[in-house]
Novice: 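To start, I am sharing the structure in question, which I have written as structure tokens.
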Amino acid sequence: MKIKNALLLTLFTVFNVTGQKTPETPVNIILMIGDGMGLSQITAGMYSNGNKTALEEFEYIGLSKTHSSENLVTDSAASGTAFACGKKTMNGVLGMDINNNKLSSILEICKSRGYLTGLISTSSIVHATPASFYANVRSRHQYEDIALQLSENNIDYFIGGGEKHFKKRNDKYFIRNKIITLNAAYGSKLYSNKLGFFFNNEMDDFLYDGRKPQLDEALLATLDKFDQREKPFFIMVEGSQIDWGGHANEIDYITSEFKDFDGAISVAVNYVNANPNTLLIVTADHETGGLAITFGKTKAYTFKSDFNTGGHSATMVPVFSYGTCAKKFSGIYENTAIFDKMLETVERK
Ligand code: MG
Ligand code: ZN
């Protein structure tokens, strides 16, 4: 009798009377990082796009303090580690704290809870931002070690550049090196739980020189793949080259890369609207270039801009959130709190 009651209780916990999933259903997480995407980059991208951005859809907005353990001006390794692993560390370090202890990332924690995992980046997949979710190394420049750690990690899908770091790989991934076939391959009956795709060229390609595919297509194809598997997922999507436009002090480079990223944000917003049990976060690891818009006209939204540096700056960056648990992300907090809030969401606290 007791066993029977326990069984009924279990069934009741899993399904409510209408057969809907209960609040215990794991939350999908889509974390989108515009590398070097400060408010001025967003503003420039918005005006260049006729005064529109998908970010206007978002419900909650916060501000993140980006400094690393020692420097007010962070790099992408320390800031990536902060939101991937929840600890401030030194510039250049990936997935380790200030005492070189290895840290677990939110991606790995999700994986251990039965999530599917994915990484999409418009830089090399071994570059600092994506690597902070799977690698533990003293220096972000240890590309061979990072590539090996990606092979050893159980990431289900990745899309990015950096094929040269994987020439001798010996692992489970089914690799397509021409991402142009992405949709065909993802949609085909050819089934593999581990898929990796490299962009059609090395990632020094500018978008406006014809980089394929665009980030929205890459995200859409990956979300379709996740949906076929019917499991919760964690995915990180990086608009990597907004940062490179900032380093180059080239406003057209920034706005074209922002447009690419903004297209992927639209895809993610639509996904959350159709799948409300999803948390979408869009943020940046830091600002790059000390960009300011110094003159402009509302007619056709043309403007002039200026840069303060060829490096990063210490300004706080915005955090936009949408969907389940989005409210947690309003306010002003350290970048490490983004990890804490994602973990709370995964643990349903
Ligand atoms: Mg990056
Ligand atoms: Zn940078």
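Counting starts at 1 for both ligands and their atoms, in listed order. Just so it is clear, the structure is predicted and the values come from calculations on it, not from any experiment.
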Novice: Checking one value in my table: which N/O/S atom of Asp35 lies closest to the Mg ion (ligand 1)?
Specialist: OD2
Novice: So, is the end of the Lys341 side chain (NZ or CZ) under 6.0 Å from the ring centre of Tyr333 and within 45° of the ring's axis?
Specialist: yes
Novice: Got a sec: is His312 within less than 2.8 Å of the Zn ion (ligand 2) via an N/O/S atom?
Specialist: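 An N, O or S atom of His312 is closer than 2.8 Å to the Zn ion (ligand 2), so yes.
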Novice: May I ask you to check whether Glu108 and Asn153 show a side-chain donor-acceptor distance below 3.5 Å?
Specialist: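 Checked: Glu108/Asn153 side chains pair up, N/O donor to acceptor below 3.5 Å.
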Novice: If the cut-off is 2.8 Å, does any N/O/S atom of Glu238 fall short of it from the Mg ion (ligand 1)?
Specialist: yes
Novice: Under 3.5 Å, is there a donor on one side chain and an acceptor on the other for Ser64 and Asn335?
Specialist: no
Novice: Determine, step by step, whether Ile29 and Val346 satisfy the side-chain contact (heavy atoms from CB on, under 4.5 Å) criterion, reporting the C-alpha distance in whole Å, the side-chain angles of both residues, the deciding distance to 0.1 Å, and the verdict.
Specialist: CA-CA 8 Å; Ile29 297 182; Val346 169; 3.6 Å; yes
Novice: Ignoring hydrogens and geometry, is there a side-chain-to-backbone donor-acceptor pair from Asn275 to Thr278 under 3.5 Å?
Specialist: no
Novice: Examine all N, O or S atoms of Asp243, backbone included, and report whether one is under 2.8 Å from the Zn ion (ligand 2).
Specialist: yes
Novice: Quick check: does Ser121 put an N/O/S atom under 2.8 Å from the Mg ion (ligand 1)?
Specialist: no
